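Reading through the structure tokens given below for one structure.
Here, residue 1 is the first one in the sequence, and each next residue gets the next number. Please read these numbers as outputs of a predicted model, since none were measured by experiment.
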Amino acid sequence: MSRSIWSRCLSTARRFDHISPAAKDPITSVTEAFLTDPNPDKINLGVVFRESVSAAINSKLVEESCKLIYGGDSESIKEERFAGIQALSGTGACRLFAEFQRRFYPDSHIYFPNPTWSNHHNIWRDAQVSVRNFCYYRPKSKGLNFEGLISDIKNAPDGSFFLFHPCAHNPTGIDPTEEEWREISYHLKVKNHFPFFDVAYQGFASGDIDKDVMAIRIFLQDGHLVASAQSFAKNMGLYGHRVGCLSFLCDDVKQAFAIKSQLQKIARAMYGSPPVHGVLLVSTILGDQTIKALWTKELKIMADRIHGMRTILRESLEKLASPLNWEHITSQVGMFCYSGLKAEQIDRLARDFHVYMTSDGRISMAGVTTSNVDYLATAIHEVTKSDFRES
């Protein structure tokens with residue numbers, strides 16, 4: 001082999017050497033660590049709820065999905081002022097919106113609550129949209145920093161985009177009250193900001209699908225144009241089917257037609273035609289009142305189960321005479337408990353007690369069961385009681 005050919009072969013062989021491994025995902029890495037642990041008492045607190053509960057098909061999904069969050073009697077639904085498209089899960093819906101924002105509002109910013117679901121940052125970063133944060137969580141009280149939130153809305157450039165979790169905030173489990181949502185809506189309206197709702201856990205906060213989208217309906221009452229990303233992975237137990245929807249409420253039918261055509265164009269380049277099996281399941285459930293009633297009943301059972309496990313976990317910690325205040329376990333709502341545990345305590349839980357959670361201390365209540373809750377409480381007590389003595 002000649003030297004020139006050999007050099008070209010070497011060059012080709014080294015073509016990808018500059019690519020280093022990606023950083024581990026903060027959520028999926030928890031499950032990876034859990035799966036490699038042989039301890040029989042191990043607990044995975046990074047999981048989500050896994051218990052079960054064509055163009056014409058996609059159109060039906062969009063219509064029923066919009067009714068689910070905007071209200072079946074909404075005038076905007078009747079007037080066909082909504083533009084929607086089926087997406088590959090809630091993640092896909094967020095990705096579609098991020099690309100839409102990049103194309104048509106290239107100089108805008110998207111504001112995330114601090115903290116938010118970690119993948120939000122990945123999605124908008126890859127879409128090359130400027131990301132900023134607004135105050136949300138107050139560590140000292142383990143509650144909402146409402147004053148900081150309103151201040152950040154007021155100080156953001158006019159016409160900014162704000163992402164909200166309408167219920168069961170991920171990762172904190174802290175939702176604004178109805179009165180607070182009304183004030184948030186008012187200040188967004190004054191600043192001409194655009195609200196984008198990530199609806200990933202509808203039904204998990206209160207067990208009532210209508211109550212859990214109260215925030216969105218407040219914004220509609222106040223005359224906002226809104227967009228929403230919906231996921232049916234959790235509340236319908238369809239994780240493997242990746243069924244979601246992105247919808248906009250617009251000024252009129254003409255505007256809705258234009259936006260829908262642009263969303264279809266973006267989706268075509270991303271994934272073309274989505275699978276229909278999951279779509280059929282969701283549209284059938286939402287379109288049949290008898291089946292929908294059964295689904296909402298089972299969803300309430302799941303929500304009550306999570307609420308019940310919160311109560312048991314808190315009581316178990318208090319029975320151990322923990323010196324810390326664990327009221328936030330039951331005051332937070334939805335799938336997640338933002339524990340307030342420190343990084344070194346989380347590391348010790350994994351190392352000494354085989355209990356796994358994300359590095360920010362987020363506990364998925366789906367991983368807490370009647371058979372492991374006492375063990376979990378004991379483990380948390382052991383890693384926190386010494387910290388209390390030192391403080």
If hydrophobic clusters are built from ILVMFWY residues whose side chains come within less than 4.5 Å, do [X] and [Y] share one?
{"X": "Leu320", "Y": "Ile363", "result": "no"}
{"X": "Leu286", "Y": "Leu294", "result": "no"}
{"X": "Leu35", "Y": "Val30", "result": "yes"}
{"X": "Val333", "Y": "Met302", "result": "no"}
{"X": "Met365", "Y": "Ile301", "result": "no"}

| No-hydrogen, no-angle side-chain donor-acceptor test under 3.5 Å, Asn122 and Asn119 | yes
| task | Please determine, by modelled atom types, if His109 and Ser160 share a side-chain donor-acceptor pair under 3.5 angstrom. | result |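 Per modelled atom types, His109 and Ser160 side chains form no pair under 3.5 Å.
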Would you say [X] and [Y] make side-chain contact, with heavy atoms under 4.5 Å?
{"X": "Val199", "Y": "Ser231", "answer": "no"}
{"X": "Thr172", "Y": "Gln332", "answer": "no"}
{"X": "Asp198", "Y": "Cys94", "answer": "yes"}
{"X": "Asn114", "Y": "Tyr137", "answer": "no"}

| Can any side-chain N or O of Trp295 pair as donor or acceptor with the backbone N or O of Asn235 at less than 3.5 Å? | yes
State which residues pass side-chain hydrogen bond (donor to acceptor under 3.5 Å, both in side chains) with [X]; sequence neighbours excluded, sorted by chain then number.
{"X": "Ser261", "answer": "none"}
{"X": "Thr284", "answer": "none"}
{"X": "Asp304", "answer": "Lys300"}
{"X": "Asp107", "answer": "none"}

Could you pull out all residues at least two apart from [X] that satisfy salt bridge (charged side-chain N to carboxylate O under 4.0 Å, His left out)?
{"X": "Asp352", "answer": "Arg348"}
{"X": "Arg310", "answer": "none"}
{"X": "Arg182", "answer": "Glu178"}

Check the orientation of [X] and [Y]. Use parallel for under 30°, tilted for 30 to 60°, and perpendicular for over 60°.
{"X": "Phe204", "Y": "Tyr201", "answer": "perpendicular"}
{"X": "Phe197", "Y": "Phe219", "answer": "perpendicular"}
{"X": "Tyr356", "Y": "Phe34", "answer": "perpendicular"}
{"X": "Phe194", "Y": "Phe161", "answer": "tilted"}
{"X": "Phe134", "Y": "Phe164", "answer": "tilted"}
{"X": "His169", "Y": "His165", "answer": "tilted"}

Contacts of type ring pair (Phe, Tyr, Trp, His ring centres under 6.0 Å), residue [X], not counting sequence neighbours:
{"X": "His354", "answer": "none"}
{"X": "Tyr186", "answer": "none"}
{"X": "Phe353", "answer": "none"}
{"X": "His187", "answer": "none"}

| request: Determine, step by step, whether Glu315 and Lys319 satisfy the salt bridge (Lys or Arg N to Asp or Glu O under 4.0 Å) criterion, reporting the C-alpha distance in whole Å, the side-chain angles of both residues, the deciding distance to 0.1 Å, and the verdict. | output: CA-CA 6 Å; Glu315 290 176 349; Lys319 287 177 182 177; 5.1 Å; no
| Cation-pi between Arg362 and Phe336: NZ/CZ under 6.0 Å from ring centre and within 45° of the ring axis? | yes
| field | Cationic tip of Lys142 above Tyr338 ring, under 6.0 Å, 45° of axis | value |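 No, Lys142 and Tyr338 do not form such a contact.
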| request: Carefully, step by step, assess Asp158 and Lys191 under the rule salt bridge (Lys or Arg N to Asp or Glu O under 4.0 Å). | output: CA-CA 5 Å; Asp158 289 6; Lys191 293 286 290 183; 2.7 Å; yes
| Any pair counted as salt bridge (charged side-chain N to carboxylate O under 4.0 Å, His left out), so long as it reaches residues 199-213, sequence neighbours left out | Asp210-Arg217
| said: If I take atom CD1 from residue Ile209 and atom OG1 from residue Thr296, how far apart are they, to the nearest 0.5 angstrom? | reply: 6.0 Å
| said: As a quick check of understanding, evaluate side chain to side chain contact (heavy atoms under 4.5 Å, CB included) for Trp326 and His328, giving each step before the final call. | reply: CA-CA 5 Å; Trp326 297 103; His328 61 284; 3.6 Å; yes
| Is atom NE2 of His121 surrounded by more than 12 heavy atoms (other residues, nucleotides or ligands) closer than 6.0 Å? |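 It does: His121 NE2 has more than 12 such atoms within range.
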| Got a sec: does the CD of Glu147 have more than 12 other heavy atoms crowding it under 6.0 Å? | yes
| task | Decide if the gap between the ring center of Phe112 and the ring center of Trp117 is smaller than 6.0 angstrom. | result | no
| message | Apply side chain to side chain contact (heavy atoms under 4.5 Å, CB included) to residues Ser322 and Lys385 and explain how you reach the verdict. | response | CA-CA 7 Å; Ser322 172; Lys385 64 180 182 181; over 6 Å; no
